[in-house]
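Quick notes on the structure that follows.
Residue numbering restarts at 1 for every chain, and letters A, B, ... go by the order of the sequence lines.
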Protein chains: 2
Amino acid sequence: MTTEYAQLLKAHALKATFQRTQILEVIERYGHIAIEKIYEEVSKVHASLSLATIYKNILLMVEKGVLTEVPIIGQKSKYEIAKEEHIHLICTSCGTVMDKMLDVDTAQDTEKVAETSGFSLDHRQLNLYGLCEACRG
Amino acid sequence: MTTEYAQLLKAHALKATFQRTQILEVIERYGHIAIEKIYEEVSKVHASLSLATIYKNILLMVEKGVLTEVPIIGQKSKYEIAKEEHIHLICTSCGTVMDKMLDVDTAQDTEKVAETSGFSLDHRQLNLYGLCEACRG
DNA sequence: TCCTTTACAAATAAAAATTATCGTAAGGAA
DNA sequence: TTCCTTACGATAATTTTTATTTGTAAAGGA
Ligand SMILES: [Mn+2]
Ligand SMILES: [Mn+2]
Ligand SMILES: [Zn+2]
Ligand SMILES: [Zn+2]
């Protein structure tokens with residue numbers, strides 16, 4: 001429902017405007033989605049929406065931690081609602097992005113790698129590229 | 001030396017032009033570098049170079065497997081000479097990208113994760129974001 | 001309530017990044 | 001060297017992203 005997104009926005013000190021809740025609704029529905037596609041989708045229910053409003057709000061919501069950017073080799077970045085740390089399985093044929101939990105051991109390993117390089121780790125981003133079940137045939 | 005890059009290009013069925021070897025020389029020197037910076041650097045030794053030539057060749061060399069794209073949260077992609085699989089430590093303050101080997105256990109873990117999702121894994125991309133030694137102070 | 005302030009969205013405009021076109025130049029096989 | 005093919009440079013054209021301006025509407029205080 002719409003109040004869910006209103007809550008999320010307010011929790012991050014952002015006003016819950018119609019445009020923002022619509023953007024969030026579309027992102028949630030797609031899971032992971034690129035800017036242009038958000039514009040396309042939101043436009044269906046709100047024809048007068050400006051593309052600049054999308055850009056402005058995506059940037060703002062990433063800054064505030066409501067959204068996460070998922071940069072991908074050979075494509076434009078996709079965005080998702082920020083959630084618990086996880087990894088991505090990305091199909092190089094159809095472009096689908098699937099979430100998977102990161103297992104604890106792997107997480108600890110990366111901590112060590114960072115430490116031994118004098119690096120203070122903030123966050124991880126693991127993408128696995130390949131073919132999804134459907135595209136393998 | 002310059003013949004080194006000529007070899008690399010020919011090994012991938014690409015003509016060894018002056019522009020291409022210069023681009024590779026700059027990428028090697030920086031380790032990881034964005035398009036605009038490549039242009040800036042190559043222009044110093046070859047003032048008449050066209051930016052379109054950079055784009056065309058980067059795209060081509062990525063396609064042919066000479067280069068690898070490194071997509072990064074909040075920045076434009078950087079490019080590097082393709083090499084053995086490794087991970088990246090990325091400083092969110094100064095932007096530096098550092099290479100680290102991926103340890104074998106972690107690699108095997110990701111294989112399993114992919115498998116159990118019916119996904120045929122092709123390649124991994126792990127970025128660790130944080131502060132480098134210099135930027136921690 | 002009325003006034004003042006602030007935040008947003010929309011509509012451009014502007015700038016930056018990327019791709020396409022085409023005539024000329026250079027690489028490389030023979 | 002000669003010839004064929006491919007790549008480069010010089011734009012032009014698109015696409016993507018950011019900045020400005022203006023009009024409203026919500027928020028807060030007197
Ligand atoms: Mn995700
Ligand atoms: Mn690297
Ligand atoms: Zn697929
Ligand atoms: Zn740093």
Side-chain angles (χ1 to χ4, degrees), chain A residues 2-3 5-26 33-64 66-67 69-79, chain B residues 2-26 33-64 66-67 69-79 95:
Chain A
T2 177
T3 57
Y5 301 118
Q7 301 264 308
L8 179 59
L9 287 164
K10 283 178 187 162
H12 290 82
L14 293 171
K15 279 194 187 173
T17 66
F18 176 71
Q19 290 82 349
R20 285 175 188 167
T21 55
Q22 289 304 308
I23 290 172
L24 288 174
E25 190 278 320
V26 168
I33 184 174
I35 300 266
E36 191 60 33
K37 190 75 181 173
I38 297 173
Y39 180 55
E40 223 176 83
E41 286 297 311
V42 179
S43 292
K44 288 182 186 170
V45 306
H46 190 264
S48 74
L49 180 88
S50 162
L51 182 55
T53 298
I54 306 266
Y55 275 103
K56 217 179 324 176
N57 282 304
I58 294 295
L59 190 69
L60 184 66
M61 291 193 277
V62 167
E63 247 176 48
K64 297 288 186 177
V66 176
L67 297 179
E69 177 184 354
V70 184
I72 301 174
I73 294 175
Q75 305 184 30
K76 295 206 170 296
S77 285
K78 292 194 160 78
Y79 296 85
Chain B
T2 178
T3 59
E4 179 190 342
Y5 301 118
Q7 301 265 307
L8 179 61
L9 287 164
K10 285 178 187 164
H12 290 82
L14 292 172
K15 278 193 188 173
T17 66
F18 177 70
Q19 291 81 349
R20 285 175 186 166
T21 54
Q22 288 306 306
I23 290 172
L24 288 174
E25 189 279 320
V26 167
I33 184 173
I35 299 267
E36 190 60 33
K37 190 74 181 174
I38 297 172
Y39 181 53
E40 224 175 82
E41 286 297 311
V42 180
S43 291
K44 288 182 185 169
V45 305
H46 189 263
S48 74
L49 180 88
S50 164
L51 182 55
T53 297
I54 305 268
Y55 275 103
K56 223 177 319 175
N57 281 303
I58 293 296
L59 190 69
L60 184 66
M61 291 193 275
V62 167
E63 247 175 49
K64 297 289 187 178
V66 178
L67 298 180
E69 176 184 355
V70 184
I72 300 174
I73 294 175
Q75 309 184 29
K76 298 210 164 293
S77 284
K78 292 194 159 81
Y79 297 85

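A donor-acceptor distance shorter than 3.5 angstrom exists from the side chain of A:Ser43 to the backbone of A:Tyr39, with no hydrogens or angles considered. No donor-acceptor distance shorter than 3.5 angstrom exists from the side chain of B:Arg20 to the backbone of B:Leu9, with no hydrogens or angles considered.
The stretch residues 37-55 of chain B touches DNA chain D through B:His46, B:Ser48, B:Leu49, B:Ser50, B:Ala52, B:Thr53, each having a heavy atom under 4.0 angstrom from the strand.
B:Lys76 comes within 4.0 angstrom of sugar-phosphate atoms only, judged by non-hydrogen atoms across all strands, and of no base.
When each of C:dA7, D:dT6, C:dA17 is scored by its nearest atom to the side-chain atoms of B:Lys15, the top-ranked nucleotide is D:dT6.
Atoms CD and CD, on B:Gln22 and B:Glu25 in that order, are 6.0 Å from each other to the nearest 0.5 Å. Put simply, CD1 on A:Ile54 and NZ on A:Lys37 are 13.0 Å apart, with the number rounded to the nearest 0.5 Å. Rounded to the nearest 0.5 angstrom, B:Leu51 CG and B:Ile35 CD1 are separated by 8.0 Å.
One interatomic measurement links the two molecules: NZ of A:Lys64 to P of C:dA7, which rounds to 10 Å at whole-angstrom precision. Here the P atom of nucleotide D:dA7 and the CD1 atom of B:Ile23 are 12 Å apart, to the nearest Å. One atom, CD of B:Glu63, and another, P of D:dT6, lie 15 Å apart when rounded to the nearest Å. Residue B:Ile35 contributes atom CD1, which lies 15 Å from atom C1' of D:dT16 at whole-angstrom precision. Remark: P of D:dT6 and CZ of B:Arg20 are 11 Å apart, rounded to the nearest angstrom. If you measure from atom NZ of B:Lys56 to atom P of C:dC22, you get 13 Å, rounded to the nearest angstrom. To the nearest angstrom, C1' of D:dA7 lies 11 Å from CG of B:Leu14. Whole-Å rounding puts the A:Lys10 NZ to C:dA7 C1' distance at 15 Å.
Judged by distance alone, the side chains of A:Ser77 and A:Glu69 do bring a donor and an acceptor atom under 3.5 Å apart.
With axes fitted over five pairs at each extremity, the angle between the ends of the helix from C:dT1-D:dA30 to C:dA30-D:dT1 is 40° (10° resolution).
Taking side-chain N and O atoms only, B:Gln19 has no distance below 4.0 Å to OP1 or OP2 of C:dA26. Taking only side-chain nitrogens and oxygens, A:Asn57 comes nearer than 4.0 Å to OP1 or OP2 of C:dA9.
Within the 4.5 Å cutoff, no side-chain heavy atoms of B:Tyr79 are placed close to those of B:Val70. Counting only heavy atoms from C-beta outward, the side chains of A:Thr17 and A:Asn57 never approach each other to under 4.5 Å. Looking at heavy atoms from C-beta onward, B:Pro71 lies out of side-chain contact with A:Ile72 at the 4.5 angstrom threshold.
In this structure, B:Glu36 and B:Ala16 both approach DNA chain C, and ranking their closest nucleotides by distance from the 5' end singles out B:Glu36.
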